[in-house]
Amino acid sequence: EAAVTQSPRNKVTVTGGNVTLSCRQTNSHNYMYWYRQDTGHGLRLIHYSYGAGNLQIGDVPDGYKATRTTQEDFFLLLELASPSQTSLYFCASSDAGTTNSDYTFGSGTRLLVI
Amino acid sequence: GDQVEQSPSALSLHEGTGSALRCNFTTTMRAVQWFQQNSRGSLINLFYLASGTKENGRLKSTFNSKESYSTLHIRDAQLEDSGTYFCAARPSSNTNKVVFGTGTRLQVLP
């Protein structure tokens with residue numbers, strides 16, 4: 001079954017720590033996205049990609065890097081984690097450019113930076 | 001810029017009743033999608049609309065691009081409908097991105 005799988009589900013790290021969040025999609029979608037969700041802000045776009053090797057900056061990119069190694073895999077990197085990056089992170093995929101390019105979300109990763 | 005104004009921000013319904021959630025758009029949107037975020041935090045696709053109306057069980061959604069709004073109607077609400085509902089719209093000016101509303105927190109009461 002087509003899906004978006006995120007790992008880990010939960011992560012705790014210390015301030016200044018290095019964190020990698022992983023996302024894999026089996027939808028054969030070309031677009032992948034990383035969002036963060038915080039109370040009062042809804043979902044905000046961090047980075048997105050339209051294919052392997054491509055990276056586009058989202059609306060709240062500061063403090064984050066991302067890498068799209070294959071069509072299936074999209075990683076979010078926090079190289080110097082800060083408490084302000086404590087959040088719920090969602091990965092999504094879509095086949096933007098088609099007439100029915102809806103989003104499919106992963107189950108989310110809860111990150112706590114202490 | 002491209003914005004989505006979602007209302008109400010919170011809503012309480014008794015089981016068996018219904019209501020409507022609404023998203024207004026500040027610019028022309030090409031399509032809209034509605035999600036439910038359940039108690040575990042998962043985002044569940046409800047509808048994707050490029051125009052018109054879709055219905056699925058007790059849920060019905062309408063998207064009017066010309067008048068810049070979308071609605072989600074819930075009828076005969078059940079306890080499992082509780083959660084936060086988001087709309088997300090694709091601006092016609094940039095269909096590679098999606099703009100999210102801030103959500104409607106729905107509580108269904110026995």
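Order of the sequence lines sets the chain letters (A, B, ...), proteins ahead of strands, with each chain counted from 1. Keep in mind that the numbers below use all heavy atoms, side chains included, and drop hydrogens, waters and symmetry copies. Predicted, not measured: the structure shown is a model, and the values here were computed from it.
Of the atoms belonging to Gln37(A), it is side-chain heavy atoms, and not backbone ones, that fall under 4.5 Å from chain B. At a 4.5 Å heavy-atom cutoff, the contact between Leu45(A) and chain B is made by side-chain atoms alone. Using a 4.5 Å cut-off between heavy atoms, Phe47(B) does not touch chain A at all. Within the 4.5 angstrom heavy-atom criterion, no atom of Gln6(B) approaches chain A.
When the side chains of ILVMFWY residues are joined at heavy-atom separations under 4.5 Å, either directly or via intervening members, Phe74(A) and Ile46(A) end up in a single hydrophobic cluster. With hydrophobic clusters built from ILVMFWY side chains whose heavy atoms lie under 4.5 angstrom apart, Leu111(A) does not share a cluster with Val14(A). Cluster annotation: Met29(B) and Tyr69(B) are assigned to distinct hydrophobic clusters (Ile/Leu/Val/Met/Phe/Trp/Tyr, side-chain heavy-atom contacts under 4.5 Å, transitive). A single hydrophobic cluster is seen to contain both Leu21(A) and Leu55(A), as judged by linkage of ILVMFWY side chains at heavy-atom distances under 4.5 Å, directly or through other members. Cluster membership for Leu11(B) and Leu79(B), using ILVMFWY side-chain heavy atoms within less than 4.5 angstrom, is shared.
To the nearest 0.5 angstrom, Gln33(B) atom CD is 7.5 Å from Phe105(A) atom CZ. Atoms OG1 and CD1, from Thr104(A) and Ile44(B) in turn, are 12.5 Å apart once rounded to the nearest 0.5 Å. The line from OG of Ser94(A) to CZ of Arg90(B) is 4.5 Å long, rounded to the nearest 0.5 Å. From Asp59(A), atom CG reaches atom CZ of Phe100(B) across 11.0 Å, with rounding to the nearest 0.5 Å.
For CG of Leu109(B), the number of neighbouring non-hydrogen atoms (other residues, nucleotides, ligands) closer than 6.0 Å is greater than 12. At most 12 non-hydrogen atoms from other residues, nucleotides or ligands lie less than 6.0 angstrom from CZ of Arg105(B). More than 12 heavy-atom neighbours from other residues, nucleotides or ligands sit within 6.0 angstrom of CZ on Arg44(A).
Evaluated for a side-chain contact (heavy atoms from CB on, under 4.5 Å) with Val98(B), the options Tyr35(A), Tyr31(A), Tyr33(A) yield exactly one hit, Tyr35(A).
Side-chain atoms of Asn45(B) come within 3.5 Å of backbone atoms of Tyr103(A) as a donor-acceptor pair (strictly under, hydrogens ignored).
A 4.5 Å side-chain heavy-atom check between Leu88(A) and Gln37(B) finds at least one atom pair inside the cut-off.
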